[in-house]
Amino acid sequence: MLKEYLTVREVAGPLMLVEKVEEAKYGELVEIVVGEGEIRRGRVLEVEGTNALVQLFEGSAGLELTSARVRFLGRGLELGVSPEILGRVFDGLGRPIDDGPKIIPEARLDTNGNPINPYARDYPSEFIQTGISAIDGLNTLVRGQKLPIFSGSGLPHSQLAAQIARQAKVLGTGEQFAVVFGAMGITFEEADFFISDFRRTGAIERAVLFINLADDPAIERISTPRMALTAAEYLAYELGMHVLVILTDMTNYCEALREVSAARREVPGRRGYPGYLYTDLATIYERAGRIKGKKGSITQIPILTMPEDDKTHPIPDLTGYITEGQIIVSRELHRKGIYPPIDVLPSLSRLKDKGIGEGKTREDHADTMNQLYAAYARGKEAKELAVILGEAALSPADKIFSRFADEFEHKYIQQGVDENRGFEQTLDIGWDLLGMLPVDELTRIRMEFIEKYLPTPDEEETEPARE
């Protein structure tokens with residue numbers, strides 16, 4: 001029988017101070033009985049002597065200090081897991097919200113997870129195809145990598161996240177692939193979009209969704225990514241699946257962290273965020289990876305909206321330090337009507353070289369990637385020069401690269417929301433674009449690949465005839 005305490009002394013926002021508590025532990029789950037048997041949940045945030053500071057999951061509205069009964073459960077926040085979690089939708093605390101049957105768990109796992117021994121980590125080296133050319137061709141995602149998407153308010157990162165979730169797969173393995181989707185602080189319309197999209201395309205059969213709405217308590221928002229990663233670790237390391245974890249929006253998560261920190265009256269760091277923001281984000285991002293001797297893996301794509309499109313804001317800044325690159329969503333390309341509006345020049349996947357090449361994608365992948373980058377960068381410079389000096393000031397070569405930049409954006413980067421391009425199709429589109437340039441400008445591609453893959457003028461002329 002659990003002991004009940006009637007010693008609630010103070011409530012401030014999502015925090016409650018309970019006195020004269022015996023052997024409370026950090027992270028321990030708490031039940032609070034309010035009024036006529038209503039039960040709310042919380043967890044121990046801080047212990048000092050016999051005083052325990054409790055974070056409330058459901059908020060403190062209507063809580064009477066004198067009558068509230070508090071029970072300490074002796075365990076941390078856990079998620080009940082079994083293979084039946086696939087195809088289900090949960091809230092931020094792991095409770096089913098899809099009107100499906102109750103999950104009968106095979107195990108209950110601590111949502112804080114277990115740190116991966118660095119020596120036990122296996123190096124990421126296998127290509128994951130997302131079906132999006134700007135990622136697969138130029139900023140390749142590798143199994144076990146953590147590659148964030150930096151977006152801005154009003155940009156189509158939700159559509160991009162849903163497209164990656166339903167299209168992503170590991171090539172040439174035939175092994176099971178699953179998606180764990182964690183959404184924090186999103187609106188009801190966004191939640192409905194994700195759930196409907198997963199069901200419409202059948203992707204929900206291999207997915208687990210954790211949805212935290214904007215009007216849910218801040219503390220639930222803090223638990224959502226940990227719930228999602230706990231489910232991912234079970235699928236990857238117990239069931240041997242390749243798991244892609246998509247977390248959106250990490251900015252909402254950090255705002256919730258700041259709200260709780262302010263309620264605790266902690267000394268603020270940059271822009272009011274807690275000083276431990278870097279450490280806290282690392283406990284989430286570092287749960288991605290591969291483990292030697294285990295078939296499964298966890299690949300992570302966190303999505304965050306940069307306040308005022310500022311890459312130096314603490315959230316994208318610290319995220320960039322912890323993760324292996326970033327995909328930048330561009331407001332300028334979005335204004336041009338290009339989807340997905342991925343700005344490939346400042347985007348970076350630090351592990352892309354490990355997942356491409358012969359035996360993984362194609363032998364010419366690295367060379368064409370480097371040449372496309374260089375040509376697009378030169379074309380952008382030529383367009384900027386034309387704005388200042390006029391088109392007439394450009395050299396013939398500059399005019400060619402300027403046209404190349406436009407074609408690159410409209411043929412290579414732009415694709416349909418439901419368009420799933422194979423990596424060979426992406427590489428072939430790249431070669432078609434490189435055919436616009438003089439051969440002596442293709443300085444980053446080996447001649448053997450130019451002779452093998454570059455379309456000749458005759459091929460380009462006869463292509464319509466074959467159709």
Side-chain angles (χ1 to χ4, degrees), residues 12-15 26-27 43-46 48 53 55-56 92 111-113 115 145-155 157-158 161 182-187 212 214-229 245-288 300-332 343 345-350:
L15 304 181
Y26 172 78
R43 68 167 183 164
V44 177
L45 198 62
E46 196 174 300
E48 187 175 333
L53 186 67
Q55 253 178 348
L56 299 169
T111 58
N112 289 316
Q145 184 179 6
K146 39 195 182 291
L147 183 63
I149 294 176
F150 290 2
S151 185
S153 178
L155 296 179
H157 47 268
S158 294
M184 294 152 280
I186 63 173
T187 63
N212 166 261
D215 61 347
D216 288 332
I219 184 61
E220 184 180 315
R221 205 155 298 144
I222 293 172
S223 74
T224 303
R226 291 176 172 82
M227 285 284 174
L229 287 162
V245 180
I246 298 177
L247 301 173
T248 182
D249 177 346
M250 290 304 296
T251 300
N252 293 335
Y253 169 84
C254 295
E255 295 289 349
L257 210 61
R258 180 166 66 174
E259 182 181 329
V260 172
S261 175
R264 292 176 66 182
R265 299 184 178 92
E266 293 175 334
V267 177
R270 286 168 59 195
R271 308 249 186 135
Y273 293 96
Y276 50 81
L277 181 62
Y278 178 90
T279 309
D280 193 280
L281 288 173
T283 63
I284 293 174
Y285 297 146
E286 290 298 343
R287 289 173 73 174
Q300 201 178 114
I301 300 182
I303 298 173
L304 55 92
T305 51
M306 300 177 290
E308 300 173 358
D309 294 0
D310 180 11
K311 283 184 280 190
T312 66
H313 187 277
I315 302 170
D317 188 31
L318 296 178
T319 295
Y321 279 117
I322 303 166
T323 55
E324 291 125 6
Q326 69 279 329
I327 303 293
I328 305 286
V329 179
S330 161
R331 198 170 294 280
E332 181 188 347
D343 192 346
L345 295 181
S347 296
L348 170 68
S349 170
R350 294 191 181 98

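Hydrogens, waters and symmetry mates play no part in the numbers below; they use all other heavy atoms, side chains included.
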Checking the side chain of [X] only, and the main-chain atoms of [Y] only, is there a donor and an acceptor separated by less than 3.5 Å?
X      : Y      : value
Thr319 : Ile315 : yes
Gln326 : Pro316 : no
Arg350 : Thr323 : yes
Asn252 : Met184 : yes
Asn212 : Ala183 : no
Thr251 : Thr305 : yes
Thr111 : Arg226 : no
Glu220 : Gly92  : yes

What I'd like to find out is whether the side chain of [X] reaches to under 4.5 Å of the side chain of [Y], using heavy atoms alone.
X      : Y      : result
Leu229 : Val245 : yes
Cys254 : Leu277 : yes
Leu56  : Ile219 : no
Tyr285 : Gln300 : yes

[atom2] on [Y] to [atom1] on [X], rounded to 0.5 Å:
X      : Y      : atom1 : atom2 : value
Met306 : Leu155 : CE    : CG    : 8.0 Å
Tyr273 : Leu281 : OH    : CG    : 10.5 Å
Glu255 : Met250 : CD    : CE    : 12.0 Å
Met227 : Ile222 : CE    : CD1   : 13.0 Å
Leu247 : Ile301 : CG    : CD1   : 10.0 Å
Glu324 : Leu147 : CD    : CG    : 8.5 Å

Are more than 12 heavy atoms from other residues, nucleotides or ligands located less than 6.0 Å from atom OH of Tyr321?
no
So, are Arg271 and Asp317 salt-bridged, with charged N and O less than 4.0 Å apart?
no
I'd like to know if Glu286 and Lys146 make a salt bridge, using a cut-off of under 4.0 Å between side-chain N and carboxylate O.
yes
For the residue pair [X] and [Y], what are the closest heavy atoms and their distance?
X      : Y      : result
Gln145 : Ser349 : NE2-OG, 3.0 Å
Ala282 : Ile322 : N-CD1, 3.7 Å
Ile328 : Lys311 : CD1-CD, 4.0 Å
Pro148 : Gly325 : CD-O, 3.0 Å
Ile284 : Pro225 : CD1-CG, 3.9 Å
Ser347 : Asp343 : OG-O, 2.6 Å

Examine Phe150 together with His313 and report whether their ring centres are nearer than 6.0 Å.
no
Would Arg331 and Asp309 count as a side chain to side chain contact (heavy atoms under 4.5 Å, CB included) if you check the C-alpha gap in whole Å, the side-chain angles of each, and the deciding distance to 0.1 Å?
CA-CA 9 Å; Arg331 198 170 294 280; Asp309 294 0; 2.6 Å; yes
How far apart are the C-alpha atoms of Ile186 and Asp249, what are their side-chain angles, what is the distance that settles it, and do they pass the side chain to side chain contact (heavy atoms under 4.5 Å, CB included) test?
CA-CA 8 Å; Ile186 63 173; Asp249 177 346; 5.6 Å; no
Just by distance, no angles: are the side chains of Ser223 and Arg43 close enough, under 3.5 Å, to form a donor-acceptor pair?
no
Carefully, step by step, assess Thr248 and Leu304 under the rule side chain to side chain contact (heavy atoms under 4.5 Å, CB included).
CA-CA 6 Å; Thr248 182; Leu304 55 92; over 6 Å; no
Whether Arg221 engages the ring of Tyr253 as a cation-pi pair (distance to the six-membered ring centre under 6.0 angstrom, angle to the ring normal within 45°) should be assessed.
no
